[in-house]
*Asks:* 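My questions will all concern the structure given below.
In what follows, chains carry the letters A, B, and so on, assigned in the order in which the sequence lines appear, proteins first and then strands, with residues in each chain numbered from 1.
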Amino acid sequence: MDDRKHTTVSIPVQLYEKIKKRIEGTGFTSVSDYVTYVLREVLASLEEEEKEEVFSKEEEEKVKERLRALGYLD
Amino acid sequence: MVSKPHGGKLVSRVLDKSERILEEAKELPSLEISKDTAIDLENIAHGVFSPLEGFLVRNDYLSVLDQMRLESDIPWTIPIVLDVNKSELKEKELKEGDTILLSCASKNIALMEIEEIYDFDKKQHAEKVFRTLDKDHPGVSRVFDMKDSLLGGKIDFIRGVENPFENYTLYPIETRILFKEKGWKSVVGFQTRNAPHLAHEYVQNTALTFVDGLFINPVIGKKKKGDFKDEVILKSYEELIRNFYLKDRAVLAILRTEMRYAGPREAVFHAIIRKNFGCTHFIVGRDHAGVGNYYKPYDAQEIFEEFPDLGITPIFFKRFYYCKRCSGYVNERVCPHRGKDIILPSGTKIREFLMKKQFPPKEMMRPEIARIILNFENPFVE
């Protein structure tokens, strides 16, 4: 039994039919599975574009010191 | 820009002023945990297992088993749990909401707030994670040896357990700064539990052709009988990097964790860990993290189709081998020859030569690497 927690969203019927046709013969067993897959992909790529994590100068210097001591940095 | 940490933020659960905290916490009830669990804890604390901040609570645990995702929908395939016996909970009067000290080898290593105490089904756990209930599978056998309850909740790390390979241990904050300093914008992670043979080398070099840096990240920790010992893996890789790799394009550091031998699930887990280290790509070979014949050769590659949101790009390789007619190292996708024309650098065959104190054929393993291994009296886990 699929015990995933789900909720409902609405999409236009024409789009639903288009997706239904597109997933024929693929590994996707339902329109919902396909939509979930695509949305996860889109959200992940948007998150990737968000600002890069920065470390404090102090933190970075401390790390570099250890990296130099271990021979990872010259 | 290297990969973003899994879940968006690098977790740090390391306490400052740990000595003072230890002093204040010494009256708390304590729970002794195994070395493997203590190492998991250390990985949580240093962000290796980001976004985990502690041992899985029930909903996350069940979601990982059923959906290979945390309850928040973030991909996660291997349950990271803390097992404990009910009798011990009763004896120590531990309950949800308590803060406890976790210790290993009688040394206090972390604080934990018990958010949940829950039962689990070992059969279900084994079947979901390992796709088998065969107790000959080392992962399954470990599950059936687990204690009967699980504790879920966040941890705060005080100090680690003994680490004989401290000089090879880097945490994600360190590798991220290291990659940045080296100017690497794309980094491929290579997981291994073996000394390098030529097929490994060709896989690494092929990947390195397309990215800025190679992160060789052997798993150091509990393994099965017959696997290479940790120090053998490290010494042989050092020799390889020193003599055959470009100095500024390869980094060797260890991953301290036990091998689970969970094949496909573990391949995704390994990719997530390397993403946390800052890798943008991850090499997934044939039968990654497999054991025996429990998984099909490319199951560990196919599982990635289920994760469009993993945030690290898997690179799939077919089997590499030496082809006498092509006069070099090739793979099934580019070479039409089979049978007697090819020499497969099989790990089993290489082990057989080494066990007999013989050099494997140079088409399988570089003599320089074999020499390092043969210098060890017994290079294999007994």
*Asks:* Tell me the side chain to side chain donor-acceptor pair (under 3.5 Å) pairs involving residues 16-31 of chain A, sequence neighbours left out?
*Replies:*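 Found A:Thr29-A:Asp33.
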*Asks:* Please identify, among A:Leu67, A:Leu39, A:Val42, the residue contributing the most non-hydrogen atom pairs under 4.5 Å to chain B.
*Replies:*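 Option with the top pair count is A:Leu67.
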*Asks:* Within this structure, what is the CG-CG distance for the pair B:Asp309 and A:Leu46, rounded to the nearest 0.5 Å?
*Replies:*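 If I round to the nearest 0.5 Å, the distance is 12.0 Å.
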*Asks:* Under the side chain to side chain donor-acceptor pair (under 3.5 Å) rule, collect the residues that match up with A:Thr8, sequence neighbours excluded.
*Replies:*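 With sequence neighbours excluded, A:Thr8 shows a side chain to side chain donor-acceptor pair (under 3.5 Å) to no residue whatsoever.
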*Asks:* Does any backbone or side-chain atom of B:Glu71 lie under 4.5 Å from a heavy atom of chain A? Answer side chain, backbone, both or neither.
*Replies:*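 Side chain only.
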*Asks:* Give me the contact list for residues 237-250 of chain B versus chain A, heavy atoms only, anything under 4.5 Å, ordered by residue number.
*Replies:*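 Answer by number: B:Lys247.
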*Asks:* Output the distance between atom CZ (B:Arg176) and atom CD (A:Glu60), rounded to the nearest 0.5 Å.
*Replies:*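 Answer rounded to 0.5 Å: 12.5 Å.
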*Asks:* Is it the case that over 12 heavy atoms from other parts of the model lie below 6.0 angstrom from the NZ atom of B:Lys235?
*Replies:*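 No, the 6.0 Å shell around NZ holds no more than 12 heavy atoms from other groups.
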*Asks:* Strictly below 4.0 Å, N to O, side chains only: are B:Glu174 and A:Arg66 in salt-bridge contact?
*Replies:*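 Yes, charged N to carboxylate O under 4.0 Å.
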*Asks:* When only pairs under 4.5 Å are counted, which of A:Lys64, A:Lys62, A:Glu59 shares the most heavy-atom pairs with chain B?
*Replies:*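 Most heavy-atom pairs under 4.5 Å with chain B: A:Lys64.
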*Asks:* Would you mind checking which part of A:Phe55 comes under 4.5 Å of any heavy atom in chain B, side chain (CB onward), backbone (N, CA, C, O), both or neither?
*Replies:*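 The answer is the side chain of A:Phe55.
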*Asks:* For A:Glu65, does the CD atom sit with more than 12 other heavy atoms under 6.0 Å from it, leaving out its own atoms?
*Replies:*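 Open: at most 12 neighbouring heavy atoms sit under 6.0 Å from CD of A:Glu65.
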*Asks:* So, for B:Val251 and A:Tyr72, which heavy atoms are closest and what is the spacing to 0.1 Å?
*Replies:*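 In terms of heavy atoms, the two residues are closest at CG1-CE2, 3.8 Å.
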*Asks:* Which atom pair, heavy atoms only, marks the closest approach of B:Pro308 to A:Ala44?
*Replies:*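 In terms of heavy atoms, the two residues are closest at O-CB, 4.4 Å.
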*Asks:* Can you name the side chain to side chain donor-acceptor pair (under 3.5 Å) partners of B:His6, sequence neighbours left out?
*Replies:*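 B:His6 satisfies side chain to side chain donor-acceptor pair (under 3.5 Å) with B:Lys275 once adjacent residues are dropped.
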*Asks:* Quick check on B:Leu252 against chain A: is it the side chain, the backbone, both or neither that has a heavy atom closer than 4.5 Å?
*Replies:*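 Contact with chain A is through the backbone of B:Leu252 alone.
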*Asks:* Side chains of A:Val63 and B:Glu181: does their closest heavy-atom pair fall under 4.5 Å?
*Replies:*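 A side-chain contact under 4.5 Å is absent here.
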